[in-house]
Amino acid sequence: MWPLSSIFFLFVVLSCSGFLSLCVIVISLSLSLSLLQMFLAAMCFVYFAKAFQGSYMKSSITQIERRFDIPSSLIGFIDGSFEIGNLFVIAFVSYFGAKLHRPRLIGAGCLIMAMGSFITAAPHFFQGLYKYETTISYFSASNGTESILPCLTSGKCEKAASSSLWLCVFLGNMLRGVGETPVMPLGLSYLDDFSRAENTALYMALIQTMGIMGPMFGFMLGSFCALRGHRSSGLRLPKDSRWVGAWRLGFLLTGGVMLLAGIPFWFLPKSLPKQGETETVKKSNVVEGEQEHFIPDNNKHSNAPNTPAPVSMAALAKDFLPSLKKLFSNTIYIILIITTIIQVNGFIGLMTFQPKYMEQTYGHSASRAIFLIGVSNLPALALGIVTGGFIMKKFKLNILGASKFCITASLLTFSALLVQYFLQCDNSQVAGLTVSYQGAPEVSYQQNTLISQCNMACSCSLKHWDPICAASNGLTYASPCLAGCQTSTGVGKEMVFHNCTCIGDSPFPYANMSAVLGQCPRKSDCDYMFKFYMAVTIIGSFFPACAATPGYIILLRSINPELKSLALGVHILLIRTLGGIPPAIYFGALIDRTCLKWGTKQCGGRGACRIYDSIAFRLVNLQWHFQNHFYMNC
């Protein structure tokens, strides 16, 4: 059963979402707002909902990885299934959808995205309770002391029936990608077709800002759910690398919000009168004059889609390949695609594994890392998007000015990433993995270094991860057995281990030979360094966000109006294919190479990674982003 607080939180968010959805319709009608303004409000809400849904998926990556005992490379593949689903239909939806009822297609997409979230949460209802790996076996003595029997095993090999249920998460995330397909190309082209040219940048900035608000709530929801592990799991430490929170709760909630977000689009018409059409004939000529310099000659002579003539599906299909040829003859469009792919590679890698990076490098729990991203980095993104849209409108930047602005923002982002190279913390001190049993720094990827003279006679398992902390020497031991402990007192997170012979081998000969459950905390200077890291990441989030709106304006103004939806759709198609799917997979594979200790499944086999070489992890992370920004600036 879920705690009362969780049920109340679910009720409040769904109620607020339903209220917002109804407000979009009722207020627009009661205040006689234009249909374009109603569409803008609905787009803001659906951008919030899809960002809320997508960011919660990102925040749950670590929880899903641990729940299904899978490596980072596979969780990267699951995360990339969203782009795979988008890839299947984006080109056709963008082209054919532009000729059909665009608002209703967006509403149908919202319904599919909601179904995807519900399917993602489904494995929880078909699998048993989460059982984390442990080597602790004990019996109670008459005096209340519990003697550990580390060499005993559970004896039973229970093949987990849920071992392949991660496929449901893959399928649900892929359906989300299919449903998200019509939102951006059809929604933004619809807005651009029927709004004033000078208002387009501001409208897009508003939509993208609401889209950034979604991740703020998504990451805070992820933090909320990550703190709520199942009570019957027996694990009580959220900082433990085996901890799994109530990840399924968030998917049910975000699915409900998305279902409500699609309601307004079913009440909107197929087309609208051009905003201020009688007042902006001269101004539109100015925009068309600017486009003449960037649209190839063979694309110039065509009519805008203000009053599309009825056409058959066969005619549309016949015109598809010639339209693609016109599109790819535009040099500006090709350059935009290449630079965006490089930029998205770095962004996807960062957002997918940043909570894990903060957890492994700076010693924070997954819940705290997710929360800090939601309340610090994402507001900086929102402010950057608004700033970019404001600068475009205030200074009336043309395509050339917007391009210079984007290049400047990219260089500033590269500088902020360069500073992160110097913000490092030492590895967590784990005997046999990052330091020797005598406390000397010694990183080892070999499991046999966990064996020492002090625990050689214990016949300890090297496969499991049951960390304990010796407060007297500050070292973490992989398990009570590997620390040479003989007895323990207390239960749960209050458990204390005594007579640990390996603690006596430390540089402190008179150290207390007792240890407590869990890893030792990082050094105090690591918390100090983490504050600088967060400040730099906030700055590094602000500058690229400033270039988001100018980038869209460059895209829209450098292509033929009738190819607008197709151009946005193909743009998303290539970004999803080359910028969205590969980075999460091969960046996850690079992270796997820095793993020092892998978990073990119930019946053997490698599970999820428990601890990483944080120095190697940091170098992989920085090298990844330096490479992407270097090629983009070139």
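All residue numbers refer to positions in the sequence shown, counting from 1.
- In plain terms, the two heavy atoms of F405 and P550 that are nearest each other are CD2-CG, 3.7 Å.
- Looking only at side-chain heavy atoms (C-beta outward), F52 and M216 stay at 4.5 Å or farther from each other.
- Take Q424 and apply the side-chain hydrogen bond (donor to acceptor under 3.5 Å, both in side chains) test, not counting sequence neighbours, and it matches R618.
- The side-chain heavy atoms of V516 and F497, taken from C-beta on, include no pair separated by under 4.5 Å.
- The side-chain hydrogen bond (donor to acceptor under 3.5 Å, both in side chains) test applied to S541 returns no partner, not counting sequence neighbours.
- K58 and D79 are joined by a salt bridge, as a carboxylate oxygen and a charged side-chain nitrogen come within less than 4.0 angstrom of each other.
- By the 4.0 Å N-to-carboxylate-O rule, D69 lies close enough to R610 to be salt-bridged with it.
- Between S365 and E359, every side-chain heavy-atom pair lies at or beyond the 4.5 Å cut-off.
- Residues that satisfy the side-chain hydrogen bond (donor to acceptor under 3.5 Å, both in side chains) test with S376, not counting sequence neighbours, are absent from this structure.
- Side-chain contact between Y477 and I503 is present, with heavy atoms from C-beta onward closer than 4.5 Å.
- With sequence neighbours left out, C168 forms a disulfide (SG to SG under 2.5 Å) with no residue at all.
- Within a 6.0 Å sphere centred on CE of M213, heavy atoms belonging to other residues, nucleotides or ligands number 12 at most.
- Between L482 and I451, some side-chain heavy-atom pair lies under the 4.5 Å cut-off.
- The ring pair (Phe, Tyr, Trp, His ring centres under 6.0 Å) test applied to Y47 returns no partner, not counting sequence neighbours.
- A heavy-atom distance below 4.5 Å is not found between the side chains of R522 and D527.
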Problem set entry | Evaluation steps, side chain to side chain donor-acceptor pair (under 3.5 Å), between Q53 and S117 | CA-CA 8 Å; Q53 191 180 55; S117 275; 2.6 Å; yes
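- Closest of all the heavy-atom pairs between C425 and S614 is O-OG, 4.2 Å.
- A perpendicular orientation is assigned to the rings of Y357 and Y362, their planes being inclined by more than 60° (bins at 30° and 60°).
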For this session: Could you go through the side chain to side chain donor-acceptor pair (under 3.5 Å) check for Y612 and K597 one step at a time?
Result: CA-CA 7 Å; Y612 294 85; K597 183 72 181 71; over 6 Å; no
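- With a 4.5 Å cut-off on side-chain heavy atoms, V435 and V430 do not count as touching.
- Ring to ring, F371 and F219 are not that close: their centroids are 6.0 angstrom or more apart.
- At least one donor-acceptor pair closer than 3.5 Å links the side chain of T434 to the backbone N or O of S428.
- The six-membered or imidazole ring of F217 lies near that of F48, with a centre-to-centre distance under 6.0 Å.
- Here the closest heavy-atom approach between residue L165 and residue P123 is recorded as O-CG, 3.6 Å.
- Judged as a side-chain hydrogen bond (donor to acceptor under 3.5 Å, both in side chains), and not counting sequence neighbours, T120 has no contacts.
- Contact between G374 and P379 at its shortest, heavy atoms only, is O-CD, 3.5 Å.
- Scanning all heavy atoms of the two residues, the minimum distance from A416 to I539 falls at CB-CG2, 4.4 Å.
- Between Y56 and F251, the angle of the ring planes goes over 60°, which puts this pair in the perpendicular group of the 30/60° scheme.
- Between P71 and D592, the shortest heavy-atom contact is CB-OD2, 3.6 Å.
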